[in-house]
S.K.: 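Pasting a structure here, questions to come.
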Protein chains: 2
Amino acid sequence: MTKSTAIEPAFNRLLQFAVEVFAECGFREATVREICSRANVNVASVNYYFRSKETLYTQALAFAFREANRLYPLDAIINRGLPPEQRLTMFIGNFLHKLLDDSHLGLHSKLIAREIADPTKALDEIIETAIIPQFALLAEIIQQILGTPTDKVIVQRCLLCIFGQCLVFKHSRSIIDRLYPELIADDSAIQASAEHIAQFSIAALSRFAKNNKRG
Amino acid sequence: MTKSTAIEPAFNRLLQFAVEVFAECGFREATVREICSRANVNVASVNYYFRSKETLYTQALAFAFREANRLYPLDAIINRGLPPEQRLTMFIGNFLHKLLDDSHLGLHSKLIAREIADPTKALDEIIETAIIPQFALLAEIIQQILGTPTDKVIVQRCLLCIFGQCLVFKHSRSIIDRLYPELIADDSAIQASAEHIAQFSIAALSRFAKNNKRG
DNA sequence: GCTTGTATTAAACAGTTGTTTGAAATTATT
DNA sequence: AATAATTTCAAACAACTGTTTAATACAAGC
(Lines give C-alpha, C1' and ligand atoms only; values in the text may rest on other atoms or scores of the structure.)
Protein backbone atom coordinates (compact mmCIF):
# COMPACT_ATOMS: atom_id res chain seq x y z
CA MET A 1 0.00 0.00 0.00
CA THR A 2 1.88 3.06 -1.25
CA LYS A 3 -0.99 5.55 -1.10
CA SER A 4 -2.65 6.95 1.97
CA THR A 5 -6.00 7.23 0.15
CA ALA A 6 -5.95 3.69 -1.12
CA ILE A 7 -8.89 2.45 0.91
CA GLU A 8 -10.75 2.14 -2.37
CA PRO A 9 -8.78 0.41 -5.13
CA ALA A 10 -7.35 2.58 -7.87
CA PHE A 11 -9.96 1.48 -10.38
CA ASN A 12 -12.86 2.76 -8.26
CA ARG A 13 -11.12 5.97 -7.33
CA LEU A 14 -10.50 6.70 -11.01
CA LEU A 15 -14.17 6.18 -11.82
CA GLN A 16 -15.28 8.39 -8.97
CA PHE A 17 -13.02 11.31 -9.83
CA ALA A 18 -13.64 10.87 -13.52
CA VAL A 19 -17.31 11.66 -12.85
CA GLU A 20 -16.21 14.72 -10.91
CA VAL A 21 -13.81 16.12 -13.47
CA PHE A 22 -15.86 15.24 -16.56
CA ALA A 23 -18.86 16.92 -14.94
CA GLU A 24 -16.91 20.06 -14.15
CA CYS A 25 -15.10 20.38 -17.45
CA GLY A 26 -16.79 18.29 -20.12
CA PHE A 27 -15.14 15.46 -22.00
CA ARG A 28 -12.59 17.37 -24.00
CA GLU A 29 -11.60 20.02 -21.49
CA ALA A 30 -11.15 17.42 -18.77
CA THR A 31 -7.60 16.12 -18.68
CA VAL A 32 -6.42 12.66 -17.78
CA ARG A 33 -3.74 14.26 -15.66
CA GLU A 34 -6.29 16.16 -13.56
CA ILE A 35 -8.36 13.04 -12.95
CA CYS A 36 -5.30 11.04 -11.96
CA SER A 37 -4.03 13.81 -9.75
CA ARG A 38 -7.28 13.94 -7.76
CA ALA A 39 -7.48 10.16 -7.60
CA ASN A 40 -3.89 10.10 -6.45
CA VAL A 41 -2.74 7.61 -9.08
CA ASN A 42 -0.18 7.70 -11.83
CA VAL A 43 -1.08 9.14 -15.25
CA ALA A 44 -0.58 5.81 -16.92
CA SER A 45 -3.31 4.20 -14.81
CA VAL A 46 -6.13 5.42 -17.03
CA ASN A 47 -4.74 3.56 -19.99
CA TYR A 48 -3.84 0.60 -17.85
CA TYR A 49 -7.32 0.13 -16.39
CA PHE A 50 -9.56 1.66 -19.06
CA ARG A 51 -7.56 1.43 -22.29
CA SER A 52 -8.33 5.06 -23.17
CA LYS A 53 -9.80 8.35 -21.96
CA GLU A 54 -12.90 7.68 -24.04
CA THR A 55 -13.81 4.36 -22.44
CA LEU A 56 -13.16 5.90 -19.03
CA TYR A 57 -15.74 8.53 -19.94
CA THR A 58 -18.27 5.93 -21.07
CA GLN A 59 -17.84 3.96 -17.86
CA ALA A 60 -18.05 7.11 -15.73
CA LEU A 61 -21.34 7.97 -17.41
CA ALA A 62 -22.79 4.55 -16.72
CA PHE A 63 -21.59 4.81 -13.13
CA ALA A 64 -23.33 8.18 -12.75
CA PHE A 65 -26.64 6.69 -13.85
CA ARG A 66 -26.30 3.78 -11.48
CA GLU A 67 -25.64 6.19 -8.59
CA ALA A 68 -28.58 8.41 -9.53
CA ASN A 69 -31.00 5.50 -9.49
CA ARG A 70 -29.51 4.19 -6.29
CA LEU A 71 -29.88 7.47 -4.37
CA TYR A 72 -33.20 8.52 -5.91
CA PRO A 73 -35.12 5.36 -6.81
CA LEU A 74 -38.34 5.66 -8.78
CA ASP A 75 -39.89 2.63 -7.07
CA ALA A 76 -42.58 4.47 -5.13
CA ILE A 77 -43.72 6.33 -8.23
CA ILE A 78 -44.17 3.19 -10.30
CA ASN A 79 -46.99 2.10 -7.97
CA ARG A 80 -50.15 2.36 -10.07
CA GLY A 81 -52.39 2.36 -7.04
CA LEU A 82 -51.77 6.04 -6.33
CA PRO A 83 -53.74 8.83 -8.04
CA PRO A 84 -51.86 10.07 -11.11
CA GLU A 85 -51.67 13.67 -9.86
CA GLN A 86 -49.80 12.49 -6.80
CA ARG A 87 -47.52 10.32 -8.89
CA LEU A 88 -46.73 13.26 -11.15
CA THR A 89 -45.91 15.44 -8.17
CA MET A 90 -43.62 12.74 -6.82
CA PHE A 91 -41.98 12.24 -10.21
CA ILE A 92 -41.22 15.94 -10.59
CA GLY A 93 -39.95 16.22 -7.03
CA ASN A 94 -37.70 13.22 -7.54
CA PHE A 95 -36.38 14.56 -10.83
CA LEU A 96 -35.73 18.08 -9.58
CA HIS A 97 -33.95 16.93 -6.45
CA LYS A 98 -31.87 14.59 -8.60
CA LEU A 99 -30.90 17.54 -10.77
CA LEU A 100 -30.20 20.04 -8.03
CA ASP A 101 -28.74 17.92 -5.24
CA ASP A 102 -25.29 19.50 -5.18
CA SER A 103 -24.15 17.58 -2.15
CA HIS A 104 -24.47 14.08 -3.55
CA LEU A 105 -25.63 13.89 -7.11
CA GLY A 106 -24.97 17.35 -8.51
CA LEU A 107 -21.96 16.14 -10.38
CA HIS A 108 -23.63 13.01 -11.66
CA SER A 109 -26.63 14.85 -13.08
CA LYS A 110 -24.40 17.55 -14.48
CA LEU A 111 -22.43 14.91 -16.31
CA ILE A 112 -25.65 13.50 -17.72
CA ALA A 113 -27.04 16.91 -18.64
CA ARG A 114 -23.79 17.64 -20.42
CA GLU A 115 -24.04 14.48 -22.44
CA ILE A 116 -27.59 15.37 -23.50
CA ALA A 117 -26.69 18.92 -24.48
CA ASP A 118 -23.52 17.92 -26.28
CA PRO A 119 -23.74 14.23 -27.13
CA THR A 120 -20.86 11.85 -27.72
CA LYS A 121 -21.02 8.29 -29.00
CA ALA A 122 -22.09 7.22 -25.51
CA LEU A 123 -25.53 8.83 -25.72
CA ASP A 124 -27.34 6.12 -27.65
CA GLU A 125 -26.82 3.51 -24.99
CA ILE A 126 -27.93 5.96 -22.30
CA ILE A 127 -31.14 6.71 -24.13
CA GLU A 128 -31.91 3.02 -24.36
CA THR A 129 -31.10 2.04 -20.80
CA ALA A 130 -32.05 5.14 -18.78
CA ILE A 131 -34.09 7.73 -20.65
CA ILE A 132 -36.63 5.58 -22.45
CA PRO A 133 -37.80 3.81 -19.25
CA GLN A 134 -38.12 7.15 -17.45
CA PHE A 135 -40.03 8.66 -20.36
CA ALA A 136 -42.33 5.65 -20.48
CA LEU A 137 -43.20 6.10 -16.83
CA LEU A 138 -43.91 9.80 -17.28
CA ALA A 139 -45.93 9.16 -20.43
CA GLU A 140 -48.06 6.61 -18.59
CA ILE A 141 -48.84 9.11 -15.83
CA ILE A 142 -49.69 11.85 -18.33
CA GLN A 143 -51.95 9.52 -20.29
CA GLN A 144 -53.73 8.65 -17.06
CA ILE A 145 -54.41 12.31 -16.25
CA LEU A 146 -55.50 13.16 -19.78
CA GLY A 147 -58.06 10.36 -19.56
CA THR A 148 -59.54 8.62 -22.62
CA PRO A 149 -56.77 7.46 -24.98
CA THR A 150 -55.15 10.58 -26.38
CA ASP A 151 -53.23 11.28 -29.56
CA LYS A 152 -49.69 10.01 -28.99
CA VAL A 153 -48.18 13.26 -30.27
CA ILE A 154 -50.08 15.27 -27.65
CA VAL A 155 -48.78 13.02 -24.89
CA GLN A 156 -45.26 13.47 -26.24
CA ARG A 157 -45.58 17.26 -26.30
CA CYS A 158 -46.92 17.32 -22.75
CA LEU A 159 -44.08 15.06 -21.68
CA LEU A 160 -41.53 17.45 -23.16
CA CYS A 161 -43.25 20.38 -21.46
CA ILE A 162 -42.83 18.76 -18.06
CA PHE A 163 -39.37 17.46 -18.82
CA GLY A 164 -38.33 20.94 -19.95
CA GLN A 165 -39.72 22.70 -16.90
CA CYS A 166 -37.51 20.51 -14.72
CA LEU A 167 -34.43 20.48 -16.91
CA VAL A 168 -34.29 24.25 -17.20
CA PHE A 169 -33.16 24.28 -13.57
CA LYS A 170 -30.08 22.35 -14.61
CA HIS A 171 -29.32 23.69 -18.08
CA SER A 172 -29.97 27.31 -17.23
CA ARG A 173 -28.55 27.05 -13.76
CA SER A 174 -26.09 29.81 -14.62
CA ILE A 175 -28.95 32.23 -15.26
CA ILE A 176 -30.99 31.16 -12.25
CA ASP A 177 -27.98 31.55 -9.99
CA ARG A 178 -27.62 35.13 -11.15
CA LEU A 179 -31.24 36.27 -11.50
CA TYR A 180 -33.40 34.10 -9.23
CA PRO A 181 -31.11 32.47 -6.68
CA GLU A 182 -33.86 32.31 -4.04
CA LEU A 183 -35.73 29.70 -6.12
CA ILE A 184 -33.06 27.09 -5.40
CA ALA A 185 -31.53 28.45 -2.23
CA ASP A 186 -32.11 25.33 -0.14
CA ASP A 187 -33.98 22.05 -0.02
CA SER A 188 -37.30 23.61 0.90
CA ALA A 189 -37.00 26.14 -1.90
CA ILE A 190 -36.31 23.35 -4.35
CA GLN A 191 -39.31 21.46 -2.99
CA ALA A 192 -41.46 24.57 -3.48
CA SER A 193 -40.20 24.93 -7.04
CA ALA A 194 -40.99 21.28 -7.70
CA GLU A 195 -44.50 21.70 -6.33
CA HIS A 196 -45.01 24.75 -8.50
CA ILE A 197 -44.04 22.80 -11.61
CA ALA A 198 -46.41 20.03 -10.55
CA GLN A 199 -49.31 22.43 -9.99
CA PHE A 200 -48.56 24.25 -13.22
CA SER A 201 -48.52 21.00 -15.17
CA ILE A 202 -51.55 19.45 -13.50
CA ALA A 203 -53.54 22.62 -14.16
CA ALA A 204 -52.61 22.49 -17.83
CA LEU A 205 -53.18 18.75 -18.18
CA SER A 206 -56.59 18.80 -16.55
CA ARG A 207 -57.68 21.60 -18.87
CA PHE A 208 -56.51 19.42 -21.77
CA ALA A 209 -58.40 16.51 -20.26
CA LYS A 210 -61.63 18.51 -20.33
CA ASN A 211 -61.16 19.37 -24.00
CA ASN A 212 -60.37 15.72 -24.60
CA LYS A 213 -63.72 14.61 -23.22
CA ARG A 214 -65.65 17.25 -25.14
CA GLY A 215 -63.85 16.67 -28.48
CA MET B 1 -6.99 40.52 -53.61
CA THR B 2 -5.24 37.23 -52.99
CA LYS B 3 -8.29 35.19 -52.01
CA SER B 4 -11.13 34.06 -54.23
CA THR B 5 -13.64 34.25 -51.37
CA ALA B 6 -12.62 37.73 -50.31
CA ILE B 7 -15.90 39.45 -51.13
CA GLU B 8 -16.31 40.02 -47.42
CA PRO B 9 -13.24 41.36 -45.65
CA ALA B 10 -11.24 38.94 -43.55
CA PHE B 11 -12.55 40.38 -40.29
CA ASN B 12 -16.18 39.62 -41.13
CA ARG B 13 -15.41 36.20 -42.52
CA LEU B 14 -13.61 35.30 -39.30
CA LEU B 15 -16.60 36.39 -37.22
CA GLN B 16 -19.01 34.42 -39.37
CA PHE B 17 -17.07 31.17 -39.30
CA ALA B 18 -16.21 31.62 -35.65
CA VAL B 19 -19.95 31.43 -34.87
CA GLU B 20 -20.12 28.28 -36.98
CA VAL B 21 -17.20 26.46 -35.43
CA PHE B 22 -17.78 27.58 -31.83
CA ALA B 23 -21.41 26.46 -32.14
CA GLU B 24 -20.39 23.07 -33.48
CA CYS B 25 -17.56 22.37 -31.08
CA GLY B 26 -17.79 24.65 -28.07
CA PHE B 27 -15.14 27.13 -27.04
CA ARG B 28 -12.37 24.80 -26.05
CA GLU B 29 -12.78 22.09 -28.65
CA ALA B 30 -12.98 24.64 -31.44
CA THR B 31 -9.55 25.38 -32.86
CA VAL B 32 -8.28 28.62 -34.25
CA ARG B 33 -6.84 26.68 -37.17
CA GLU B 34 -10.24 25.23 -38.10
CA ILE B 35 -11.90 28.65 -38.03
CA CYS B 36 -9.15 30.16 -40.14
CA SER B 37 -9.22 27.27 -42.55
CA ARG B 38 -12.94 27.71 -43.20
CA ALA B 39 -12.62 31.48 -43.42
CA ASN B 40 -9.72 30.98 -45.81
CA VAL B 41 -7.32 33.22 -43.89
CA ASN B 42 -3.96 32.70 -42.25
CA VAL B 43 -3.76 31.33 -38.70
CA ALA B 44 -2.21 34.53 -37.45
CA SER B 45 -5.24 36.57 -38.49
CA VAL B 46 -7.20 35.74 -35.34
CA ASN B 47 -4.56 37.31 -33.15
CA TYR B 48 -4.07 40.15 -35.60
CA TYR B 49 -7.72 41.19 -35.70
CA PHE B 50 -9.02 39.95 -32.34
CA ARG B 51 -5.96 39.80 -30.08
CA SER B 52 -6.89 36.30 -28.83
CA LYS B 53 -9.18 33.32 -29.31
CA GLU B 54 -11.13 34.43 -26.28
CA THR B 55 -12.07 37.88 -27.56
CA LEU B 56 -12.96 36.33 -30.90
CA TYR B 57 -15.39 34.12 -28.99
CA THR B 58 -16.88 37.06 -27.11
CA GLN B 59 -17.38 39.01 -30.33
CA ALA B 60 -18.84 35.99 -32.09
CA LEU B 61 -21.34 35.62 -29.27
CA ALA B 62 -22.39 39.27 -29.51
CA PHE B 63 -22.68 38.89 -33.26
CA ALA B 64 -24.94 35.87 -32.83
CA PHE B 65 -27.31 37.86 -30.61
CA ARG B 66 -27.42 40.75 -33.07
CA GLU B 67 -28.31 38.35 -35.88
CA ALA B 68 -30.99 36.62 -33.79
CA ASN B 69 -32.70 39.91 -33.03
CA ARG B 70 -32.37 41.07 -36.61
CA LEU B 71 -34.00 37.94 -38.10
CA TYR B 72 -36.59 37.45 -35.35
CA PRO B 73 -37.44 40.86 -33.91
CA LEU B 74 -39.63 41.10 -30.82
CA ASP B 75 -41.17 44.41 -31.91
CA ALA B 76 -44.68 43.12 -32.58
CA ILE B 77 -44.82 41.39 -29.21
CA ILE B 78 -43.90 44.49 -27.25
CA ASN B 79 -47.18 46.13 -28.36
CA ARG B 80 -49.27 46.35 -25.20
CA GLY B 81 -52.48 46.84 -27.12
CA LEU B 82 -52.80 43.13 -27.87
CA PRO B 83 -54.40 40.66 -25.44
CA PRO B 84 -51.73 39.01 -23.28
CA GLU B 85 -52.65 35.48 -24.38
CA GLN B 86 -51.93 36.43 -27.96
CA ARG B 87 -48.69 38.12 -26.99
CA LEU B 88 -47.60 35.00 -25.10
CA THR B 89 -48.38 32.80 -28.09
CA MET B 90 -46.36 35.11 -30.31
CA PHE B 91 -43.48 35.20 -27.84
CA ILE B 92 -43.27 31.43 -27.64
CA GLY B 93 -43.54 31.06 -31.42
CA ASN B 94 -40.79 33.60 -31.91
CA PHE B 95 -38.57 31.95 -29.33
CA LEU B 96 -39.05 28.41 -30.61
CA HIS B 97 -38.45 29.34 -34.22
CA LYS B 98 -35.34 31.21 -33.15
CA LEU B 99 -34.11 28.08 -31.39
CA LEU B 100 -34.94 25.58 -34.10
CA ASP B 101 -34.32 27.48 -37.31
CA ASP B 102 -31.49 25.35 -38.63
CA SER B 103 -31.29 27.11 -41.94
CA HIS B 104 -30.43 30.57 -40.65
CA LEU B 105 -30.08 30.80 -36.93
CA GLY B 106 -29.49 27.25 -35.79
CA LEU B 107 -25.84 27.88 -35.22
CA HIS B 108 -26.38 31.21 -33.52
CA SER B 109 -28.86 29.85 -31.02
CA LYS B 110 -26.75 26.77 -30.46
CA LEU B 111 -23.84 29.00 -29.60
CA ILE B 112 -26.01 30.89 -27.14
CA ALA B 113 -27.47 27.73 -25.62
CA ARG B 114 -23.95 26.41 -25.19
CA GLU B 115 -22.92 29.53 -23.34
CA ILE B 116 -25.89 29.22 -20.98
CA ALA B 117 -25.29 25.53 -20.28
CA ASP B 118 -21.55 25.96 -19.87
CA PRO B 119 -20.79 29.59 -19.13
CA THR B 120 -17.57 31.45 -19.78
CA LYS B 121 -16.66 34.95 -18.67
CA ALA B 122 -18.77 36.26 -21.54
CA LEU B 123 -22.08 35.25 -19.96
CA ASP B 124 -22.50 38.18 -17.58
CA GLU B 125 -22.62 40.75 -20.35
CA ILE B 126 -25.07 38.60 -22.31
CA ILE B 127 -27.40 38.35 -19.34
CA GLU B 128 -27.39 42.12 -18.99
CA THR B 129 -27.86 43.03 -22.62
CA ALA B 130 -29.99 40.21 -24.00
CA ILE B 131 -31.55 37.96 -21.41
CA ILE B 132 -32.82 40.46 -18.85
CA PRO B 133 -34.80 42.49 -21.41
CA GLN B 134 -36.34 39.32 -22.83
CA PHE B 135 -37.21 38.06 -19.34
CA ALA B 136 -38.73 41.42 -18.45
CA LEU B 137 -41.00 41.25 -21.48
CA LEU B 138 -42.11 37.71 -20.66
CA ALA B 139 -42.61 38.59 -16.99
CA GLU B 140 -44.81 41.51 -17.96
CA ILE B 141 -47.01 39.28 -20.12
CA ILE B 142 -47.29 36.65 -17.40
CA GLN B 143 -48.19 39.26 -14.80
CA GLN B 144 -50.90 40.53 -17.11
CA ILE B 145 -52.44 37.06 -17.48
CA LEU B 146 -52.23 36.31 -13.76
CA GLY B 147 -54.16 39.52 -13.09
CA THR B 148 -54.03 41.36 -9.76
CA PRO B 149 -50.39 41.95 -8.71
CA THR B 150 -48.94 38.57 -7.90
CA ASP B 151 -46.10 37.43 -5.71
CA LYS B 152 -42.89 38.09 -7.62
CA VAL B 153 -41.59 34.60 -6.91
CA ILE B 154 -44.65 33.02 -8.52
CA VAL B 155 -44.13 35.11 -11.64
CA GLN B 156 -40.51 34.02 -11.73
CA ARG B 157 -41.41 30.37 -11.42
CA CYS B 158 -44.00 30.63 -14.18
CA LEU B 159 -41.46 32.41 -16.33
CA LEU B 160 -38.98 29.59 -15.87
CA CYS B 161 -41.68 27.04 -16.68
CA ILE B 162 -42.34 28.69 -20.02
CA PHE B 163 -38.69 29.34 -20.70
CA GLY B 164 -37.90 25.72 -19.94
CA GLN B 165 -40.63 24.32 -22.16
CA CYS B 166 -39.10 26.16 -25.10
CA LEU B 167 -35.46 25.60 -24.27
CA VAL B 168 -35.86 21.85 -23.94
CA PHE B 169 -36.22 21.73 -27.70
CA LYS B 170 -32.70 23.08 -27.98
CA HIS B 171 -30.92 21.51 -25.03
CA SER B 172 -32.44 18.09 -25.46
CA ARG B 173 -32.43 18.23 -29.22
CA SER B 174 -30.35 15.08 -29.27
CA ILE B 175 -33.10 13.15 -27.50
CA ILE B 176 -35.93 14.65 -29.52
CA ASP B 177 -34.15 13.83 -32.74
CA ARG B 178 -33.96 10.21 -31.70
CA LEU B 179 -37.31 9.69 -29.94
CA TYR B 180 -39.79 12.27 -31.27
CA PRO B 181 -38.39 13.58 -34.57
CA GLU B 182 -41.88 14.30 -35.94
CA LEU B 183 -42.33 17.13 -33.41
CA ILE B 184 -39.75 19.26 -35.18
CA ALA B 185 -39.80 17.74 -38.66
CA ASP B 186 -40.61 20.99 -40.47
CA ASP B 187 -41.79 24.56 -39.97
CA SER B 188 -45.44 23.60 -39.49
CA ALA B 189 -44.52 20.94 -36.92
CA ILE B 190 -42.48 23.52 -35.03
CA GLN B 191 -45.40 25.93 -35.21
CA ALA B 192 -47.69 23.23 -33.82
CA SER B 193 -45.24 22.53 -31.00
CA ALA B 194 -45.09 26.23 -30.21
CA GLU B 195 -48.87 26.48 -30.11
CA HIS B 196 -49.00 23.48 -27.80
CA ILE B 197 -46.61 25.12 -25.38
CA ALA B 198 -48.69 28.30 -25.53
CA GLN B 199 -51.94 26.44 -24.84
CA PHE B 200 -50.34 24.41 -22.09
CA SER B 201 -49.00 27.54 -20.43
CA ILE B 202 -52.13 29.64 -20.86
CA ALA B 203 -54.21 26.84 -19.37
CA ALA B 204 -51.94 26.69 -16.35
CA LEU B 205 -51.68 30.46 -15.94
CA SER B 206 -55.42 31.06 -16.13
CA ARG B 207 -55.98 28.40 -13.47
CA PHE B 208 -53.45 30.25 -11.33
CA ALA B 209 -55.24 33.51 -12.09
CA LYS B 210 -58.50 32.07 -10.70
CA ASN B 211 -56.79 31.00 -7.47
CA ASN B 212 -55.21 34.44 -7.35
CA LYS B 213 -58.59 36.17 -7.36
CA ARG B 214 -60.08 33.85 -4.75
CA GLY B 215 -57.07 34.00 -2.41
C1' DG C 1 8.92 56.89 -56.77
C1' DC C 2 9.47 56.73 -52.35
C1' DT C 3 7.59 56.34 -47.85
C1' DT C 4 4.22 54.96 -44.50
C1' DG C 5 0.94 52.06 -42.48
C1' DT C 6 -1.84 48.03 -43.12
C1' DA C 7 -2.50 43.17 -44.35
C1' DT C 8 -0.90 38.57 -45.16
C1' DT C 9 2.19 34.92 -44.94
C1' DA C 10 5.15 30.65 -43.56
C1' DA C 11 7.64 29.26 -39.91
C1' DA C 12 8.64 28.59 -35.39
C1' DC C 13 7.60 28.72 -30.30
C1' DA C 14 6.34 27.10 -25.85
C1' DG C 15 2.95 24.62 -23.55
C1' DT C 16 -0.38 20.90 -23.03
C1' DT C 17 -2.55 16.81 -24.51
C1' DG C 18 -3.45 11.39 -24.54
C1' DT C 19 -0.70 7.64 -24.79
C1' DT C 20 3.35 4.42 -24.57
C1' DT C 21 7.43 2.47 -22.59
C1' DG C 22 10.25 -0.39 -19.78
C1' DA C 23 11.85 -0.78 -15.41
C1' DA C 24 10.71 -1.09 -10.47
C1' DA C 25 7.66 -2.38 -6.76
C1' DT C 26 4.16 -5.08 -4.99
C1' DT C 27 1.22 -9.06 -4.51
C1' DA C 28 -0.10 -13.81 -5.33
C1' DT C 29 1.09 -18.56 -6.21
C1' DT C 30 3.68 -22.57 -5.73
C1' DA D 1 11.78 -18.87 -0.43
C1' DA D 2 11.45 -18.56 -5.29
C1' DT D 3 8.82 -17.74 -9.14
C1' DA D 4 5.12 -15.59 -11.68
C1' DA D 5 1.66 -12.17 -12.33
C1' DT D 6 -0.06 -7.84 -11.46
C1' DT D 7 0.28 -3.05 -10.38
C1' DT D 8 2.75 1.39 -10.12
C1' DC D 9 6.02 4.57 -11.58
C1' DA D 10 8.92 8.40 -13.88
C1' DA D 11 10.08 9.55 -18.22
C1' DA D 12 9.51 10.19 -22.82
C1' DC D 13 6.68 10.39 -27.11
C1' DA D 14 4.29 12.44 -30.92
C1' DA D 15 0.57 15.26 -31.96
C1' DC D 16 -1.84 19.37 -31.36
C1' DT D 17 -2.78 23.83 -29.10
C1' DG D 18 -2.85 29.33 -29.10
C1' DT D 19 0.33 32.65 -29.99
C1' DT D 20 4.43 35.22 -31.77
C1' DT D 21 7.74 36.55 -35.11
C1' DA D 22 9.88 38.62 -38.84
C1' DA D 23 9.71 38.84 -43.61
C1' DT D 24 6.87 40.01 -47.48
C1' DA D 25 2.99 42.07 -50.29
C1' DC D 26 0.05 45.66 -50.87
C1' DA D 27 -2.27 50.07 -50.95
C1' DA D 28 -2.54 55.18 -50.03
C1' DG D 29 -0.37 59.78 -49.48
C1' DC D 30 2.85 63.03 -50.62
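Here is how names work: the chains are called A, B, and so on, in the same order as the sequence lines, proteins then strands, and each is numbered from 1. Side-chain atoms are counted along with the backbone in the values below, which use heavy atoms only and exclude waters and symmetry mates.
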S.K.: Is there a donor on the side chain of B:Asn42 or the base of C:dA7 sitting less than 3.5 Å from an acceptor on the other?
M.R.: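 A donor-acceptor contact between them is absent.
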S.K.: Quick one: B:Tyr48 OH to D:dT21 C1', roughly how many Å, whole number?
M.R.: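 In whole Å, D:dT21 C1' and B:Tyr48 OH are 14 Å from each other.
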S.K.: To the nearest Å, give me how far apart CZ (A:Phe50) and P (C:dT20) are.
M.R.: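 Value for this atom pair: 16 Å.
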S.K.: In whole angstrom, give the distance that lies between atom OH of A:Tyr57 and atom P of C:dT17.
M.R.: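 Atom OH in A:Tyr57 sits about 18 Å away from atom P in C:dT17.
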S.K.: In terms of side-chain heavy atoms, does B:Glu20 have a donor or acceptor partner in B:Gln16 at a distance below 3.5 Å?
M.R.: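 The answer is no; no qualifying pair exists.
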S.K.: Which part of the nucleic acid, if any, lies within reach of B:Tyr49 when heavy atoms closer than 4.0 Å are counted: base, sugar-phosphate only, or nothing?
M.R.: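 The residue B:Tyr49 makes sugar-phosphate contact but no base contact.
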S.K.: Under 3.5 Å between N/O atoms: give me all the protein pairs with nucleotides 16-18 of chain D, atom names plus distance.
M.R.:
{"from": "D:dG18", "atom 1": "OP1", "to": "B:Ala30", "atom 2": "O", "distance (Å)": "3.3"}
{"from": "D:dG18", "atom 1": "OP1", "to": "B:Val32", "atom 2": "N", "distance (Å)": "3.3"}
{"from": "D:dG18", "atom 1": "OP1", "to": "B:Lys53", "atom 2": "NZ", "distance (Å)": "2.9"}
{"from": "D:dG18", "atom 1": "OP2", "to": "B:Val32", "atom 2": "N", "distance (Å)": "3.1"}
{"from": "D:dG18", "atom 1": "N7", "to": "B:Arg33", "atom 2": "NH1", "distance (Å)": "2.7"}
{"from": "D:dG18", "atom 1": "O6", "to": "B:Arg33", "atom 2": "NH2", "distance (Å)": "3.0"}

S.K.: Taking only residues two or more places apart in sequence or in another chain, which ones pass side-chain contact (heavy atoms from CB on, under 4.5 Å) with A:Glu125?
M.R.: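 Testing A:Glu125 for side-chain contact (heavy atoms from CB on, under 4.5 Å), a comparison that skips the adjacent residues, returns A:Thr129.
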S.K.: Rounded to whole angstroms, how far apart are CG on A:Leu56 and C1' on C:dT19?
M.R.: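 In whole Å, C:dT19 C1' and A:Leu56 CG are 14 Å from each other.
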S.K.: Could you tell me which non-hydrogen atom of B:Arg114 sits nearest to which non-hydrogen atom of A:Asp118, and how far apart they are?
M.R.: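 Looking at all heavy atoms of both residues, the shortest contact is NH1-OD2, 3.0 Å.
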S.K.: Decide whether B:Glu115 and B:Thr120 meet the rule of one side-chain donor and one side-chain acceptor closer than 3.5 Å.
M.R.: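 Per modelled atom types, B:Glu115 and B:Thr120 side chains form a pair under 3.5 Å.
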S.K.: Please state how far atom CZ in A:Phe22 lies from atom C1' in C:dT17, giving the value in whole angstrom units.
M.R.: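 Checked: the CZ to C1' distance equals 13 Å.
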S.K.: Taking the side chain of A:Ala44 as heavy atoms from C-beta outward, which of D:dC9, D:dT7, C:dA7 is closest to it?
M.R.: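 That would be D:dC9.
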S.K.: Can you tell me which residue among B:Phe91, B:Phe169, B:Phe95 is in a ring pair (Phe, Tyr, Trp, His ring centres under 6.0 Å) with B:Phe163?
M.R.: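 Exactly one candidate clears the test, B:Phe95.
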S.K.: Going by atom types alone, do B:Tyr72 and B:Asp101 pair a side-chain donor with an acceptor below 3.5 Å?
M.R.: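 The answer is yes; a qualifying pair exists.
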